[in-house]
Amino acid sequence: MTARGEEEEEREFLAELKARSGQDLAGWMAAITAKGFSDKNETIDWLRTQGFPFARASWLERIHSNGGRPIYLDALPAPVDVAIPEPKLQPVARPVRPIAPPANANEPVAPRAAVAPPPEAADEVVRLEALVAAAKGYRPLYQMLEAMVRQAVPQVVLRARGGLIVFAAPAEFAAVLPTATEIRLGLALGARPHDVNLVPSRLKGAPAGITHMLVLKDARQINAELQSLIAAAQAAVAKAAG
């Protein structure tokens, strides 16, 4: 879905919010704040008990985390009395590269021209975005999964392959098929036994090492156990690659 499409969807959602749920946006923002939830999963779970489907509950949670302001409709004012703490950003240390002096020390150093990313990098971003957009209402769930993978494997690189999003670091250890009805996650877990949740992979076009698959439909599945499986898959392929 394009940004314009998401803006229209948000406009429609907020316009019908009070009629469908009994409270407008300000009312729901105040209600969430009053609950004092410690993380977004608790917020989403509670909103689902109030009758919201997962996608709408996730959308309200994102608005609340955005200071009570709609994600796409910047013109709408923020509701009052919604105190959302701002996240503390940690500075990122970046290596400093020394600049070699010019041949003539009296001549100024010419500024370096900005280097545009290669065309294939831009194309890859477009392909990845198209695959994520296919998740529709499950897009927030995919984004939670991707954030977890990046946390477990900071050096991960995402690639679009056919209809899949492949995760590599640098060996390929996971693949995701986002759909409008579920998120399918394939993992390279070798000879690990399958069970009722961790079934044999059925991801067409996945890397050869992808052996297991999980079907994700709920934010509560993005948990410590899943993070351990992701880390185990990455460790397994890294060991096999030697």
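For the numbers below, each heavy atom of this structure counts, side chains included, while hydrogens, waters and symmetry mates do not.
- Between A169 and Q234, the closest heavy-atom pair is O-NE2, 3.7 Å.
- The backbone N or O of R192 lies less than 3.5 Å from a partner atom in the side chain of H212, making a donor-acceptor pair.
- Taking CE of M29 as the start and CG of D24 as the end, the distance is 10.0 Å to the nearest 0.5 Å.
- Considering only heavy atoms from C-beta on, I63 comes within 4.5 Å of I71 through its side chain.
- Clustering ILVMFWY residues whenever any of their side-chain heavy atoms sit less than 4.5 angstrom apart, transitively, puts L128 in the very cluster that holds V176.
- Of the listed residues (V215, L216, L214), just one forms a side-chain contact (heavy atoms from CB on, under 4.5 Å) with E182, and that residue is V215.
- Closest heavy-atom contact between I210 and A175: CD1-N, 4.1 Å.
- Taken together through direct or relayed side-chain contacts under 4.5 Å among Ile, Leu, Val, Met, Phe, Trp and Tyr, M213 and F167 form parts of separate hydrophobic clusters.
- With a 6.0 Å radius and a threshold of 12 heavy atoms from other residues, nucleotides or ligands, E225 has its CD atom at or below the threshold.
- In this structure, Y138 and F54 have parallel ring planes: the angle between them is below the 30° cut-off, well short of the 60° mark.
- Residues L145 and L226 form a side-chain contact, since some pair of their non-hydrogen atoms from C-beta on lies under 4.5 Å apart.
- The OG atom of S21 lies 11.5 Å from the CZ atom of R56; values are rounded to the nearest 0.5 Å.
- Residues I44 and L14 are members of separate hydrophobic clusters, defined by side-chain heavy-atom contacts under 4.5 angstrom among Ile, Leu, Val, Met, Phe, Trp and Tyr.
- For the pair K136 and E9, the minimum side-chain heavy-atom distance is 4.5 Å or more.
- A salt bridge links E172 to R161: at least one charged side-chain nitrogen sits closer than 4.0 Å to a carboxylate oxygen.
- Summarising the geometry of I165 relative to P178, their closest heavy-atom pair is CD1-CG, 3.9 Å, with the distance given to 0.1 Å.
- Cluster membership check: Y142 shares its hydrophobic cluster with L185, using side-chain heavy-atom separations under 4.5 Å among Ile, Leu, Val, Met, Phe, Trp and Tyr.
- In this structure, NZ in K40 is found 9.0 Å from CD1 in I222, a value given to the nearest 0.5 Å.
- The closest side-chain heavy-atom distance from L203 to R184 is below 4.5 Å.
- The aromatic rings of W28 and W46 sit perpendicular to each other, their planes meeting at more than 60°, with 30° as the lower class boundary.
- Hydrophobic cluster membership is shared by W59 and F52, with clusters built from Ile, Leu, Val, Met, Phe, Trp and Tyr side chains linked at under 4.5 angstrom.
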* To do: Show your reasoning for whether salt bridge (charged side-chain N to carboxylate O under 4.0 Å, His left out) applies to E146 and R139.
  => CA-CA 10 Å; E146 182 182 320; R139 180 176 185 144; over 6 Å; no
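- Rounded to the nearest 0.5 angstrom, L198 CG and T211 OG1 are separated by 8.0 Å.
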* Working for side-chain contact (heavy atoms from CB on, under 4.5 Å), residues D39 and E42 -> CA-CA 6 Å; D39 65 45; E42 291 182 358; 3.6 Å; yes
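- Side-chain contact between I230 and Q151: absent, with no pair of heavy atoms (C-beta onward) separated by less than 4.5 Å.
- Among all heavy-atom pairs drawn from A236 and A188, the shortest one is CB-O, 4.0 Å.
- Two residues are said to be in side-chain contact when any heavy atoms from C-beta on lie closer than 4.5 Å; L60 and L25 meet this criterion.
- A side-chain donor-acceptor contact under 3.5 Å links N223 to the backbone of R220.
- Atom NZ of K35 is separated from atom NE2 of H64 by 12.5 Å, given to the nearest 0.5 angstrom.
- Closest approach of R159 to A168, counting heavy atoms only: NH1-CB, 3.4 Å.
- Summarising the geometry of R202 relative to V199, their closest heavy-atom pair is NH1-CG2, 3.8 Å, with the distance given to 0.1 Å.
- Contact check for L177 versus L164: side-chain heavy atoms found under the 4.5 Å cut-off.
- Between E61 and R48 there is no salt bridge, since none of the side-chain N atoms of the basic residue sits less than 4.0 Å from a carboxylate O of the acidic one.
- Under the 4.5 Å side-chain criterion, counting only non-hydrogen atoms from C-beta, F173 is in contact with V149.
- A donor-acceptor pair is defined here as one N or O able to donate and one able to accept, closer than 3.5 Å; such a pair exists between the side chain of N66 and the backbone of R69.
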